Amino acid sequence: MKTNMLTGVKEIARRAKVSTGTVDRVIHGRKGVSEETKNKILVIMKELDYQPNILARRLASKKVLHFASLIPAVSSETEFWKAPIKGIEFAEAEIRQFGIVVDKYFYDQNDKESFVKQSKEILKNNIDGILVAPIFMDECLAFSKECSQAKVPQVFINSDIPYDSRLSYIGPDLFQSGHLSAHMINYLVKKGDKILIVNISKEIDSYHHLLRKEEGFISYFKDHEKKVNIIKTDITTQTDYRSVEAKLKEVFSEHSDIKAIFVTNSRVFSVAQYIEKYNLNHLFLVGYDFLTESIAQLKRGTIDFLICQKPQEQGYKGIMALYQSVVLNTHVEATHFMPIDIITKENYKSYSN
């Protein structure tokens with residue numbers, strides 16, 4: 001018989017002089033095969049240009065695969081997390097036909113305990129992969145280690161944590177996004193000018209992604225040896241507008257000559273509200289994310305630039321990375337940095353989030 005007619009698990013097993021079960025274990029990356037036998041089988045598969053029809057097997061199988069997502073819930077403070085949820089739902093719609101379900105879990109981004117509670121709930125279930133938007137460093141690391149012990153592949157989006165066992169990170173280069181923000185502000189400040197960095201988060205000590213942006217921002221001026229006067233304020237007790245207003249009043253009473261403001265997250269619209277209310281439109285304002293409130297401020301010129309990193313695409317790509325690894329058994333890029341998009345009132349209408 002011709003080679004193309006023989007190509008299949010039985011032919012590979014015949015040539016390798018092993019059982020079809022051994023070939024099947026190699027194809028699906030399971031243990032129990034010696035390195036020598038594994039390499040022999042892989043060489044034969046390459047010679048025959050064998051491509052296992054994994055999708056057909058999934059369709060024939062009655063087993064349902066469960067992926068889980070664990071991200072912050074949409075809150076009254078910010079609608080940012082609507083975008084990743086939408087991306088997750090788009091991905092789920094594409095792969096549902098192959099017997100895959102995405103179980104969605106949400107936590108309060110201002111409450112560590114809500115993350116811990118949801119992570120424990122997830123570990124009670126038999127999941128085949130998880131997408132996580134990590135915010136709280138210690139709690140996320142503890143959860144990741146438990147997932148690794150259970151051999152559950154993990155994909156992180158929006159922010160990364162230093163953990164070697166994750167499958168992939170899909171999101172912005174946080175340091176470089178802070179660096180870029182400083183580069184834009186650099187064009188209008190002179191030596192000695194004051195720049196205000198604003199972090200708005202109840203759990204600022206745990207929000208490593210905000211601090212990483214801050215590091216990138218400060219690093220830019222150090223790298224370019226431009227001695228500006230950087231002031232920082234952390235709004236942590238409450239993050240509603242009244243709290244933001246009260247804190248900014250304190251800062252401006254002491255530093256009335258601030259030239260520019262860098263807000264490290266999507267709550268830039270709260271700072272923009274303050275600028276508008278107190279007629280401080282001479283201030284240059286840079287912040288994050290393509291949200292309805294921020295776009296309105298961008299159109300009015302209160303916000304000068306928004307840095308965006310396609311959160312909807314992050315959610316979509318995160319689920320698809322699990323699908324590629326778990327179902328298709330194909331390589332997944334360990335780090336996939338999203339583009340750093342600069343949005344202005346001139347280009348926001350054509351921007352796709």
Side-chain angles (χ1 to χ4, degrees), residues 159 172-202 204-205 207-239 241-289 293-294 297-309 340-348:
S159 60
D173 183 329
L174 300 168
F175 185 89
Q176 287 301 325
S177 73
H179 214 262
L180 175 63
S181 300
H183 182 71
M184 291 188 291
I185 287 176
N186 180 56
Y187 285 112
L188 61 90
V189 295
K190 305 186 297 293
K191 180 181 177 181
D193 279 350
K194 290 181 180 178
I195 302 171
L196 174 64
I197 296 175
V198 181
N199 291 312
I200 305 174
S201 168
K202 288 182 182 177
I204 190 64
D205 292 337
Y207 270 45
H208 65 285
H209 62 290
L210 302 188
L211 303 179
R212 189 66 177 147
K213 292 174 188 175
E214 181 186 305
E215 288 171 10
F217 187 88
I218 293 170
S219 174
Y220 176 89
F221 292 103
K222 287 183 179 177
D223 293 345
H224 291 79
E225 297 181 350
K226 189 165 185 176
K227 294 183 179 179
V228 294
N229 186 1
I230 295 178
I231 303 154
K232 190 181 94 161
T233 187
D234 295 336
I235 302 172
T236 59
T237 306
Q238 295 294 329
T239 56
Y241 174 71
R242 286 188 179 183
S243 302
V244 172
E245 181 181 25
K247 189 65 175 179
L248 290 177
K249 272 185 178 179
E250 286 180 26
V251 174
F252 278 96
S253 66
E254 188 176 346
H255 304 282
S256 59
D257 53 346
I258 290 169
K259 298 288 185 182
I261 303 176
F262 171 53
V263 183
T264 57
N265 65 5
S266 62
R267 290 183 174 90
V268 62
F269 60 82
S270 294
V271 178
Q273 279 181 260
Y274 179 87
I275 288 173
E276 207 167 41
K277 182 175 180 178
Y278 292 96
N279 196 28
L280 300 173
N281 293 315
H282 63 282
L283 291 169
F284 191 83
L285 178 60
V286 178
Y288 283 84
D289 300 322
E293 303 98 319
S294 295
Q297 297 284 1
L298 189 76
K299 287 164 63 177
R300 295 199 291 273
T302 315
I303 296 174
D304 294 279
F305 292 105
L306 286 173
I307 305 297
C308 302
Q309 295 119 147
I340 304 173
D341 299 326
I342 303 171
I343 311 303
T344 69
K345 64 181 178 182
E346 288 79 19
N347 71 357
Y348 80 91

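Here the structure is a predicted model, which means the values were calculated and not measured. Residue indices begin at 1 and follow the sequence shown. Side chains included, hydrogens not; waters and symmetry mates left out as well; all remaining heavy atoms used.
- Counting heavy atoms from C-beta outward, Ile197 and Ile218 have side chains that approach closer than 4.5 Å.
- Atoms CZ and CG, on Phe305 and Leu285 in that order, are 11.0 Å from each other to the nearest 0.5 Å.
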Next item on the list: Test side chain to side chain contact (heavy atoms under 4.5 Å, CB included) on Ile185 and Tyr220 and set out the steps.
Entry: CA-CA 10 Å; Ile185 287 176; Tyr220 176 89; over 6 Å; no
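- Atom CD of residue Glu215 and atom CG of residue Leu174 lie 10.0 Å apart, to the nearest 0.5 angstrom.
- The heavy-atom pair separating Val198 from Ile261 by the smallest distance is CG2-CG2, 3.8 Å.
- In terms of heavy-atom proximity, Arg300 sits nearest to Glu276 at NE-OE2, 2.6 Å.
- Phe221 is listed as a side-chain neighbour of Ile195, based on a closest heavy-atom distance under 4.5 Å.
- Side-chain polar atoms of Asn229 and His255 form no donor-acceptor pair below 3.5 angstrom.
- Atom OG of Ser270 and atom CD1 of Ile275 lie 11.0 Å apart (nearest 0.5 Å).
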Next item on the list: Evaluate side chain to side chain contact (heavy atoms under 4.5 Å, CB included) for Tyr288 paired with Val268, printing each intermediate quantity in order.
Entry: CA-CA 7 Å; Tyr288 283 84; Val268 62; 5.8 Å; no
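- When every heavy atom of Gly216 is checked against every heavy atom of His179, the shortest pair comes out as O-CD2, 3.3 Å.
- Between Ile343 and Asp341 there is a side-chain heavy-atom pair separated by less than 4.5 Å.
- Residues meeting the side-chain hydrogen bond (donor to acceptor under 3.5 Å, both in side chains) test with Asp257, sequence neighbours left out: Lys194.
- Residues Tyr278 and Phe252 place their aromatic rings such that the two centres sit no closer than 6.0 Å.
- In this structure, Lys232 forms no cation-pi arrangement with Phe217, as its terminal cationic atom is not both closer than 6.0 Å to the ring centre and no more than 45° off the ring axis.
- One distance of note links OG1 of Thr264 with CG of Leu211; it measures 7.5 Å at 0.5 Å rounding.
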Next item on the list: Go through the steps for Val189 and Phe284 under the test side chain to side chain contact (heavy atoms under 4.5 Å, CB included), then give the verdict.
Entry: CA-CA 10 Å; Val189 295; Phe284 191 83; over 6 Å; no
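- The local environment of CD in Glu254 is sparse, with at most 12 non-hydrogen atoms from other residues, nucleotides or ligands closer than 6.0 Å.
- With a 4.5 Å cut-off on side-chain heavy atoms, Arg267 and Val244 do not count as touching.
- The line from NZ of Lys277 to OG1 of Thr302 is 14.5 Å long, rounded to the nearest 0.5 Å.
- Of the inter-residue distances, the one linking Ile200 atom CD1 with Asp234 atom CG reads 10.0 Å to the nearest 0.5 angstrom.
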Note to self: As a quick check of understanding, evaluate side chain to side chain contact (heavy atoms under 4.5 Å, CB included) for Val271 and Leu196, giving each step before the final call.
What the structure shows: CA-CA 11 Å; Val271 178; Leu196 174 64; over 6 Å; no
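- Other residues, nucleotides and ligands contribute only 12 or fewer heavy atoms inside 6.0 Å of the NZ atom of Lys259.
- Residues Ile342 and Met184 have side chains in contact (heavy-atom distance under 4.5 Å, counting atoms from C-beta outward).
- Proximity of Gln309 to Asp289: side-chain heavy atoms (C-beta onward) are separated by under 4.5 Å at one or more points.
- Looking at every heavy atom in both residues, Lys213 comes nearest to Phe262 through O-CE2, 4.1 Å.
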